[in-house]
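To start, the structure under review is shown below, and the notes come after it.
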Number of protein chains: 2
Amino acid sequence: MRFSKKSEYALRALTELTEHYGRDLLQRQQIAEQQHIPIEFLEQILLALKNAGLLASRRGVTGGYSLIKPPHEITLGQVIRILDGPLAPIACVSKTAYQKCSDCPYAEQSGHEACPIQDVMLNVRNAISDILDNYTLSDFAKQSKGHGSHANHSLR
Amino acid sequence: MRFSKKSEYALRALTELTEHYGRDLLQRQQIAEQQHIPIEFLEQILLALKNAGLLASRRGVTGGYSLIKPPHEITLGQVIRILDGPLAPIACVSKTAYQKCSDCPYAEQSGHEACPIQDVMLNVRNAISDILDNYTLSDFAKQSKGHGSHANHSLR
DNA sequence: GCATTTGTCGAGTTCTTCAGTTAACTTTTG
DNA sequence: CAAAAGTTAACTGAAGAACTCGACAAATGC
C-alpha cells in the first residue's frame, strides 16, 4: 500500500517550485541537487507535471520550470493521481477509474446486494482523498518554513 | 496505491470462514469455489493466515480450516498487514515498519525540522488505520447478511 | 550562424513484485 | 494402504517501478 517514488519526488520537486513561485525559473539540475533526485528520472516527472498543466517550461540556456498555477490551487491529490493513478485501494471504489470487480461474488447482482469489502474500501478511499484533496502545495510550503504553523485542516 | 489480490482474497476467504465460525471446518476447495479464487493461490494465503495465528487447520480427508479467534477480535488492518505489509503510504510514517527516508533532505537533521510530506502522510496513514483497525470480521459478516445494518463506526 | 546550454521525447534496462503454478511431501481417515 | 486433505518450497510469466540513454529541438550569446 505504498505511493511510488515518482509521487514522492514530484511532491518534493513541487515544494521547491512553490518556494520560487512568481519569481524565477528552476532548472532540473537545481531541483535534482536540492532534493537528491536522479536527474533523468526527475525529468520525466517534470514532463508529466507539465503535460498535466501544472508547470510551464522554457528551453535554452536561461530555461527551467515554473509553477503555472498558484500553489494554493494545487492539491496533493491531483499530483499523486497524475503520477500514481487513482487513490482508491481497490478498483471497484475508484471515483476516477471505476472498474467492476471481475470475480467478486457480490458484484452487481440483480438485487445489488452490497459487497462488504467494497463498503469499507470506499470509506478508506474517501478518508484518503479527504486529506489529499484538501491539502495544497501552499500548506506544504508554510509548514516547511515556519514548522508548526500549519492549520492541519485534514484531521478533525 | 492499491491493495493486492492477496489481501482481497484473504478478506473474502475470511468472510466465508466467519460464517462457519464455531461450527465446521471449511476446505480450500469450498472457499475457492464460493469466492472464485484460484485454489493454489488461495492455499498460500490460508497458510499465511495460519502462520499468523488466525486460522487452525486439520489435514486428512475430513480436514480444512477454521477461525481460531472470534471474528470480532480480528480487524481488517491485521489481515491486510499480514499479506500486504504496513499500511503506511511511505516508509517513514509506518508504525509497524518505520524506515528513515534515505534521500529526503528533511530527514533527521540536527534541529529535526519536520518534513512536510511526512506530516501529511502520517495523517493519511492514521486515517487508513483508524478505519481498518476498527473494522472487524464480524462487522463484515453482519453487513453481508442484513445489508445496511452496519453501524459504520469508521466514519464520522 | 555556430557552439553551448537547456528542455523534449522515445526507447531500453534492470530489478522487484504480483499472481499464479507445479511438484514433492506429510497427515488423517476409511 | 489408498484416497483425500493440508504443507512446503521452488518455480514462472507478466507487469510495474525506478532509473538510464541517446537523439533531437529550441533558446542564448558571442
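As the structure is a computational prediction, the values presented were derived from the model and not from experiment. A note on names: the letters A, B, ... follow the listed sequences, proteins ahead of strands, and every chain is numbered from 1.
Checking C/dT8, C/dA23, C/dG20 against the side-chain heavy atoms of A/Lys50 singles out C/dT8 as nearest. For A/Arg28, whose side chain is taken as the heavy atoms from C-beta onward, the closest listed nucleotide among C/dT28, D/dA18, C/dG7 is C/dG7. Minimum atom distance to the side chain of B/Arg59 is reached by D/dT7, of the listed C/dG7, D/dG22, D/dT7.
Looking at heavy-atom distances under 4.0 Å, A/Arg58 makes contact with sugar-phosphate atoms alone, never a base. Among the atoms of the strands shown, only primed sugar atoms or phosphate atoms (P, OP1, OP2) are found under 4.0 Å from some heavy atom of A/Tyr9. Looking at heavy-atom distances under 4.0 Å, B/Glu40 makes contact with a base.
To the nearest angstrom, P of C/dA19 lies 11 Å from CG of B/Leu83. For A/Phe41 and D/dA17, the CZ to P distance is 9 Å, given to the nearest whole Å. Look at CD1 on B/Ile45: it is 10 Å from C1' on C/dG20, rounded to the nearest Å. Distance A/Leu42 CG to D/dA17 C1': 16 Å, rounded to the nearest Å. Following rounding to the nearest Å, A/Lys6 (NZ) and D/dG16 (C1') show an atom-to-atom distance of 10 Å. Distance CZ (A/Arg12) to C1' (D/dA18): 14 Å, rounded to an integer number of Å. Rounded to an integer number of Å, the gap from CG of A/Leu47 to P of C/dG10 is 9 Å. As a whole-Å value, the separation of B/Leu46 CG from D/dT7 P is 9 Å.
Here the closest non-hydrogen pair linking B/Tyr65 and B/Leu17 is O-CD2, 3.4 Å. For B/Gln29 against B/Ile39, the heavy-atom pair with the smallest separation is CA-CD1, 3.7 Å.
Tested against A/Leu55, the residues A/Ile68, A/Leu47, A/Leu67 include a single side-chain contact (heavy atoms from CB on, under 4.5 Å) partner, A/Leu67.
Using a 4.5 Å cut-off on side-chain heavy atoms (C-beta onward), B/Asn134 and B/Thr75 make no contact. Annotation: side chain of B/Ser94 is not in contact with side chain of B/Gln99 (no heavy-atom distance under 4.5 Å).
Heavy-atom distances to DNA chain C give each of B/Asp84 and B/Val61 a nearest nucleotide, and the one nearer the 5′ end belongs to B/Asp84. Nearer to the 5' terminus of DNA chain D, by closest-nucleotide assignment, is the contact made by B/Gln27 (compared with the other of B/Gln27 and A/Glu43). Position along DNA chain D of the nearest nucleotide to B/Leu26 versus A/Pro38 favours B/Leu26 as the more 5'-ward residue.
Between the side chain of B/Gln44 and the base of C/dT21, a donor-acceptor pair under 3.5 Å is found.
Within the 4.0 Å cut-off from OP1 or OP2 of C/dT8, at least one side-chain nitrogen or oxygen of A/Ser57 is found. Listed pair A/Ser4 / D/dG16 fails the phosphate criterion, with no side-chain N or O lying under 4.0 Å from OP1 or OP2.
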